[in-house]
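Reminder, nothing fancy here: chain letters follow the sequence lines and each chain counts from 1.
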Amino acid sequence: MEDVVLRPAPIPRRAVPASLFAAVGLLLLLAPRFLDRGSLNDIWNVAFGVILACSWNILGGFAGQVSIGYSAFIGIGAYTTVLLALKGVDPYLTLPLAAVLGALFSFLIGLPAFRLRGPYFTIVTIGVSEAVRVFASGVSFTGGSSGLRMPAGSFDFGVNYASMVVLALAVVALSAVLSRGAFGTALSAIRQDIDAAEALGIDSSRFKLAAHAISAALVALAGSLYAINFQYVAPGSVFDFRLSLSIVLMPIIGGVGTLAGPVLGAVIFSYLQIKLLTIPALRDSYLFLYGGLLILVMLFEPKGLVGLWNRLIAAVRRRSGGTDGP
Amino acid sequence: MVPEAMAPSPILSVRNLSKRFEGLLALGGVSFDVEEGQIFGVIGPNGAGKTTLFSCIVGSLVPTSGEILFRRRRIDGLPNHAVVRKGIVRTHQIVRPFRDMTVEQNVSVGALFGRGKRRGNEAVRRTIGILETTGLSHRAQAIAGTLTIGELKRLEIARALATEPEVICLDEVMGGLNPSEILAAMSLIRTIRDAGVTVLMIEHHIHAVVGVSDRILVLNFGEKIAEGTPQEVVADPEVVTAYLGDDSHPLLEEAGS
């Protein structure tokens, strides 16, 4: 990336300071020394959510291109890993290919869909992700709807946990870098006024394709690690439309287009989901809860929890400013 | 009209340009040349096709037929961003700032992605220079959404200038400005031209466009009805007729004086 000489956009500027980021990262990586497996599983889930939410946010938040088809990239990553592992490849060596295939598939969606303005991209993503799920359920090499099991072998949760946490930290750091500099400026311009962006020399299609590819590759990596952890992949789990919806919900709850928002949203969402899934009555209705939460956010604070926080800070400043006055 | 033989090679040449929207002919075979270093005014009643002309030149609209040549190379059909890279940029009549960005960030977009494709400190230097030229330095850190209309008009020009154009197309940059702001805008337009940028300007404010232009093109219902020096154009009976429906139009006073 280019030197960060221009002041970043006002929202990313209020990012979690780098020192806090490093401290949390270190703590999470050392967690296996003092936490039990159950808690580590919860952190694993949260890290998975953070990767999905922050990756989605690069395209959906920074560039304003809302996709509701990101489960396709999880599936592509997961299947790449399982299929290659069945051929005898070490699962972790399949990660680069999973990322590349995820990015290539993003072009397949983006090349036709990004030419259209308006909600068409969003609609196309829903259609494509459903088509991929139906395809994966129907053909034999994916194991059909019953899915595929990873070859029996030694599975080390510690390695998978560390990989997921490192990937989550890397995605957060990458979003911070991408949100500044020329790339972030271009995405922000595209989100705010695509025609004005074009009128100043921004090749909007190219930037949208790039943002889509980067986020798709990251989500595919998460899909690979997901498959390695569960040792099993089926269209009903990785290509689930509800998963695509969850990926959108997390950044929206936290604050679309911000740096901290998707992280916050993912932590709350993933943790709630873990807790709610253990309550039998809520098992199937948890999406209602999120639907309600979504409506509340849209009605009262479209910038999510980060927006709410900023408003609070502004209110406090105003009040303290008032007492300082003559 | 300047005879072809006398004129040096024009920087911009529009040949028989037409644009049809469904049933409506917005431009019907318009031709004209713009010489390098000119301030070239484009006037005409509402709906005459002026903005459509600019949109075709910069590539945000694809012409139905005809040619647009920039330094003798065809540019019609190129996408907007590619035309900007070649050195032609436009501003919007209805301002389109990036409202969540600061003034400085808005201008930096032009510096980063325009013809210069400046990076790092070069982009900053370019941005700061343009903010000074356009008188926006004191507002550099203001969020664009908080600017007054006069400032927003200047921001449109500033962003366009930051792309380092050879030709800038100004679409009614004086609309909504008060008399002193209009004088400032006229002087800014002259400054831009003196810096070596050829200026095309759509303007409803007749006194301003007559005062600042070297040549003026008059459009009416998508067709060229006159072209010449400001004096020639305002004295043209067809031009006066075109404006007659608008009984308070200053062009009539101008022509009569």
Side-chain angles (χ1 to χ4, degrees), chain A residues 1-14 61-64 114-117 177-211 255-259 261 302-304 306-307 310 314, chain B residues 54-55 58-61 79-92 94-102 104-125 127-128 140-141 143-145 155-156 158-165 169 171:
Chain A
M1 283 314 294
E2 292 74 25
D3 299 344
V4 186
V5 279
L6 294 168
R7 287 164 195 83
I11 297 151
R13 205 169 163 183
R14 299 188 196 104
F62 297 162
F114 282 143
R115 298 172 149 268
L116 307 165
R117 299 281 162 88
V177 171
L178 288 182
S179 74
R180 290 141 212 247
F183 190 76
T185 303
L187 297 188
S188 172
I190 288 167
R191 172 175 57 80
Q192 293 181 56
D193 189 334
I194 188 162
D195 293 321
E198 282 272 334
L200 294 172
I202 293 174
D203 186 347
S204 61
S205 300
R206 226 187 79 216
F207 278 100
K208 286 192 282 186
L209 282 173
V256 172
T258 64
L259 277 181
K303 288 232 172 242
V306 169
N310 287 340
Chain B
F54 274 17
S55 299
V58 299
S60 59
L61 284 177
N80 197 168
H81 61 84
V83 174
V84 175
R85 296 278 171 78
K86 289 201 178 290
I88 307 180
V89 71
R90 65 97 57 92
T91 65
H92 298 90
I94 296 157
V95 293
R96 309 185 72 156
F98 303 120
R99 292 189 180 273
D100 295 347
M101 290 188 193
T102 63
E104 182 187 290
Q105 285 166 342
N106 262 278
V107 177
S108 78
V109 172
L112 289 165
F113 301 103
R115 190 164 69 100
K117 288 205 90 184
R118 305 288 175 185
R119 286 296 182 268
N121 284 326
E122 257 193 280
V124 178
R125 231 174 290 130
T127 300
I128 290 170
Q141 299 312 318
I143 299 294
L155 178 58
E156 278 284 324
R159 290 196 310 189
L161 281 179
T163 67
E164 300 173 53
C169 302
D171 193 349

Subject >> Which portion of B:Arg85 sits near chain A, non-hydrogen atoms under 4.5 angstrom >> reply: side chain
**OP:** State whether a side-chain donor-acceptor pair under 3.5 Å links B:Ser108 with B:Glu104.
**Re:** no
Subject >> Engaged part of B:Ser60 at the chain A interface, taking heavy atoms whose separation is under 4.5 Å >> reply: neither
Original post:
What part of B:Val109 lies closer than 4.5 angstrom to a heavy atom of chain A: side chain, backbone, both or neither?
Top reply: both
Original post:
Does the ring centre of A:Phe114 sit less than 6.0 Å away from the ring centre of A:Phe207?
Top reply: no
Subject >> Distance under 6.0 Å and angle within 45° of ring axis: B:Arg119 vs A:Phe183 >> reply: no
**OP:** Among B:Thr91, B:Val84, B:Val83, single out the residue with the greatest number of heavy-atom pairs under 4.5 Å to chain A.
**Re:** B:Val84
Original post:
Under 6.0 Å from the NZ atom of B:Lys86, do we count more than 12 heavy atoms belonging to anything else shown?
Top reply: no
